[in-house]
Peer 1: 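Provided herewith is a single structure, encoded as structure tokens, for subsequent inquiry.
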Number of protein chains: 2
Amino acid sequence: MKKVSITIKEIARQLGISKSTVSRALRDSSEISEETKQKVIDLAEELNYYPNPIAISLLKNRTQTIGVIVPDIANRFYSSAIGGVEDIAYSRGYHTMIYQSHELLERERSATRHIASRRVDGLVVAISSQSENIDHFASLQEQGIPVVFFDRVSDAMNSHKVRVDDYRGAFDATEHLIKRGCKRIAHIAGPKPVSITRFRLEGYKDALRKHGIEFQEEWVLHSEITQAGGTERTYQLMALRERPDAIFGASDRITMGIHSALRQLGYRMPDDVAVVGFCDLAMSSLLDPPVSSVTQPSFEMGQQAASLLLDLIESKNTPAEFETRVLQSNLVINKSSMRH
Amino acid sequence: MKKVSITIKEIARQLGISKSTVSRALRDSSEISEETKQKVIDLAEELNYYPNPIAISLLKNRTQTIGVIVPDIANRFYSSAIGGVEDIAYSRGYHTMIYQSHELLERERSATRHIASRRVDGLVVAISSQSENIDHFASLQEQGIPVVFFDRVSDAMNSHKVRVDDYRGAFDATEHLIKRGCKRIAHIAGPKPVSITRFRLEGYKDALRKHGIEFQEEWVLHSEITQAGGTERTYQLMALRERPDAIFGASDRITMGIHSALRQLGYRMPDDVAVVGFCDLAMSSLLDPPVSSVTQPSFEMGQQAASLLLDLIESKNTPAEFETRVLQSNLVINKSSMRH
DNA sequence: CTGAAAGCGCTTACAG
DNA sequence: CTGAAAGCGCTTACAG
């Protein structure tokens with residue numbers, strides 16, 4: 001199939017003037033007479049002319065497009081963050097291209113290659129859990145394509161970062177369980193290489209320490225960010241000689257796994273085992289019992305990351321200092337942890 | 001920030017040959033000597049040269065990119081379908097751009113404008129429930145940008161379509177409820193303008209008819225495709241003097257609403273009310289009780305739509321005839337409808 | 001086998 | 001106020 005489009009040349013031909021004049025008239029240059037301007041604009045309208053953005057990209061080496069890479073768009077946290085990115089990008093005249101890494105380093109690399117070669121103007125990314133090496137992002141930045149991290153950030157690279165106060169969120173969740181009378185609080189954490197796993201683990205440990213509960217090595221298990229992972233680790237925890245009386249899950253998928261495992265094993269929540277997760281609300285309220293959770297301002301994270309990125313894109317030089325924004329999470333208490 | 005890239009010109013300069021020769025060598029033209037070719041390829045490698053796809057797009061009026069518009073990427077059905085589209089597109093050397101309409105005609109129009117102006121090569125789309133008018137898609141097709149519909153298709157436009165056998169799915173679900181002894185089977189349907197709403201409604205009616213159950217106007221309610229919609233309509237159904245003993249929900253969101261409303265109102269599933277929905281499996285098995293559902297081959301739908309689209313893009317002319325592919329759905333029976 | 005030239009659709013100094 | 005020319009990075013007939 002063939003595409004035909006109206007060009008500036010065609011307008012010039014029909015009006016018997018030069019392409020330069022048409023171009024100037026269309027961008028409302030002050031050096032063109034009102035009369036010519038009007039003729040050009042009218043004809044452009046009539047012919048349904050739209051400038052070819054590809055030609056402009058070639059000229060300016062800019063595409064007015066930003067990329068977003070997330071592990072998985074089906075995850076509500078990320079789809080909502082993408083909503084926030086789109087919101088800001090749209091209002092500032094940019095388009096958003098969405099990529100999924102599926103937690104694979106190779107897919108992430110392929111996306112950055114596409115971004116570089118298609119001259120995407122910048123990138124917002126939540127790093128794949130598999131990516132211990134992040135040279136591909138550093139290389140993008142060296143090529144002059146700014147990168148802003150959100151949610152999953154990395155210390156290995158200097159750039160703007162937007163994350164949630166994972167430490168605080170985990171601390172609050174753990175302390176809440178302690179105040180509800182739980183004594184043996186287990187934690188199913190995310191994959192070790194991920195930065196947020198560390199922050200959350202610290203928050204958990206510090207809450208225990210504050211309340212004089214001794215930390216037990218065997219109460220912390222690492223898991224993939226999947227429901228199956230949560231289920232398996234729950235089996236392992238409940239098989240312990242000293243069973244936990246509470247489990248704190250590090251992500252919504254993991255928490256779904258904890259929940260279904262506990263139900264399947266015949267435990268009652270919260271009386272046998274209290275549960276708190278890092279979840280999205282819509283999800284947690286559907287379960288029976290509804291799950292208490294640390295909720296994150298995902299939409300706002302997307303907005304902030306996008307706006308930091310656009311500032312970078314539109315400024316001439318690298319900023320003197322990169323910024324890390326830490327947003328607050330919110331503990332929502334539901335039946336799964338409401339012990340009497 | 002400034003981007004610098006190696007061009008063909010730079011390679012030509014360093015090697016003291018012409019741009020034309022470099023270009024030919026890189027595309028392995030048979031008219032270039034092996035020796036020159038090797039020199040060019042080696043230097044390109046060394047300089048880390050990548051051709052500028054924007055320049056090629058300008059030349060060919062092709063971008064090797066297809067668009068996908070879905071109502072909502074957070075919906076598992078759509079995110080999985082997008083996975084199928086990406087799968088095929090990737091293997092055939094295309095990139096995928098994802099747009100969300102959020103069920104708004106205006107957002108859908110804005111996406112098609114972007115697609116046209118950025119010279120995206122083609123579009124796969126599930127129409128927004130709000131879009132009774134689909135001129136924006138027709139206009140894309142007239143501009144030579146082929147459009148393939150999936151899931152939400154329209155009779156108002158002639159093009160390839162991929163949908164699920166909604167009639168059969170609804171028929172099977174309803175017949176299953178009848179065989180389990182349900183006599184008063186309600187149906188919470190989707191928005192009226194959507195094609196699949198009609199197909200599913202027909203399947204439901206025909207199953208009743210086949211088994212000699214008289215169709216009751218008040219047993220069918222239309223709802224938005226949201227959980228809140230399902231909840232509201234369930235209140236309305238259960239408030240009827242003659243309560244239904246089964247509810248068949250037209251989408252996963254609606255079915256989640258039915259489920260939570262019934263539980264909240266104190267009904268037991270399946271004994272008081274049996275429930276079947278059009279759902280995604282991962283979702284339905286998390287609920288208590290797990291929900292029986294008509295599952296759809298979403299990934300495969302995406303694959304088929306993408307491959308029909310790429311065929312259109314790569315063929316010179318419009319095909320003599322457009323094709324509608326109808327895939328089979330699958331009824332998975334769970335506790336919510338297992339009456340004794 | 002290689003190069004000079006034209007052209008994809010646009011913008012923008014440079015002349016007039 | 002308007003136009004001719006150069007150029008963004010590439011490809012490809014046309015010459016030689």
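By convention in this document, chain letters (A, B, ...) are assigned in the order of the sequence lines, proteins followed by strands, and residues within each chain are numbered from 1. When reading the values below, keep in mind they use all heavy atoms of this one structure, side chains included, and skip hydrogens, waters and symmetry mates.
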Peer 1: Quick check for you: among C/dG9, D/dC10, C/dG3, whose closest atom lies nearest to any side-chain atom of A/Asn52?
Peer 2: C/dG9

Peer 1: Can you measure B/Lys39 atom NZ to C/dC1 atom P for me and round it to whole angstrom units?
Peer 2: 14 Å

Peer 1: OP1 or OP2 of C/dC10 versus the side-chain N and O atoms of A/Tyr49: is any pair under 4.0 Å?
Peer 2: yes

Peer 1: Sort out the partner of C/dG16 for me: Watson-Crick or G-U wobble, both distances under 3.5 Å, none otherwise.
Peer 2: D/dC1

Peer 1: Could you give the CG-to-P distance, from B/Leu26 to D/dC10, as a whole number of Å?
Peer 2: 9 Å

Peer 1: Hey, is the side chain of B/Thr21 poking within less than 4.0 Å of OP1 or OP2 on C/dG3, counting only N and O atoms?
Peer 2: yes

Peer 1: Can you find a side-chain donor-acceptor pair between A/Gln38 and A/Glu34 that sits under 3.5 Å?
Peer 2: no

Peer 1: Can you figure out which of D/dC10, D/dT2, C/dC10 approaches the side chain of A/Ser33 most closely?
Peer 2: D/dT2

Peer 1: Can you measure from CZ (B/Arg163) to CG (B/Asp151) and round to the nearest 0.5 angstrom?
Peer 2: 10.5 Å

Peer 1: Do the side chain of B/Arg119 and the base of C/dG9 come within less than 3.5 angstrom through a donor-acceptor pair of N or O atoms?
Peer 2: no

Peer 1: B/Glu35 has an atom CD; how far is it from atom C1' of C/dT2, in whole Å?
Peer 2: 13 Å

Peer 1: With a non-hydrogen cut-off below 4.0 angstrom, is B/Ile17 in contact with a base, only sugar-phosphate, or nothing?
Peer 2: sugar-phosphate

Peer 1: How many whole angstroms separate atom CD1 of A/Ile32 from atom P of C/dT12?
Peer 2: 13 Å

Peer 1: Can you see if the side chain of A/Lys60 gets near the phosphate of D/dG7 - specifically, an N or O under 4.0 Å from OP1 or OP2?
Peer 2: no

Peer 1: What's the CD1-P distance between B/Ile8 and D/dG7, to the nearest Å?
Peer 2: 17 Å

Peer 1: Which whole-number value in Å describes the distance from B/Ile54 CD1 to D/dC10 P?
Peer 2: 11 Å

Peer 1: Specify the separation, in whole Å, of atom CD1 of B/Ile56 and atom P of D/dC8.
Peer 2: 17 Å

Peer 1: Regarding A/Leu59, tell me which of base, sugar-phosphate or nothing describes its non-hydrogen contacts under 4.0 Å with the strands shown.
Peer 2: base

Peer 1: Measure the CZ-OG distance between B/Arg152 and B/Ser129 for me, rounded to the nearest 0.5 Å.
Peer 2: 5.5 Å

Peer 1: For D/dT11, does either OP1 or OP2 sit under 4.0 Å from a side-chain N or O belonging to B/Arg27?
Peer 2: yes

Peer 1: A/Thr36 has a side chain; which of D/dG9, D/dT2, C/dC10 sits nearest to it?
Peer 2: D/dT2

Peer 1: For the residue pair A/Tyr90 / A/His95, report whether a side-chain donor-acceptor contact shorter than 3.5 Å exists.
Peer 2: no

Peer 1: Answer with yes or no whether the side chains of A/Ser128 and A/Ser101 bring together a donor and an acceptor at under 3.5 Å.
Peer 2: no

Peer 1: If you measure from the P atom in D/dA4 to the same atom in C/dG7, how many Å do you get, rounded?
Peer 2: 15 Å

Peer 1: Should B/Ser23 be listed as having a side-chain N or O under 4.0 Å from OP1 or OP2 of D/dT11?
Peer 2: yes

Peer 1: Heavy atoms only, 4.0 Å cut-off, all strands: where does B/Lys19 land among base, sugar-phosphate and nothing?
Peer 2: base

Peer 1: Using a cut-off of strictly less than 4.0 Å, decide whether B/Ser20 has a side-chain nitrogen or oxygen near OP1 or OP2 of D/dT12.
Peer 2: no

Peer 1: Distance check needed: D/dC1 P versus A/Lys37 NZ, whole Å only.
Peer 2: 9 Å

Peer 1: Hey, can you tell me if B/His160 and B/Phe322 have their rings parallel, tilted or perpendicular (30° and 60° cut-offs)?
Peer 2: perpendicular

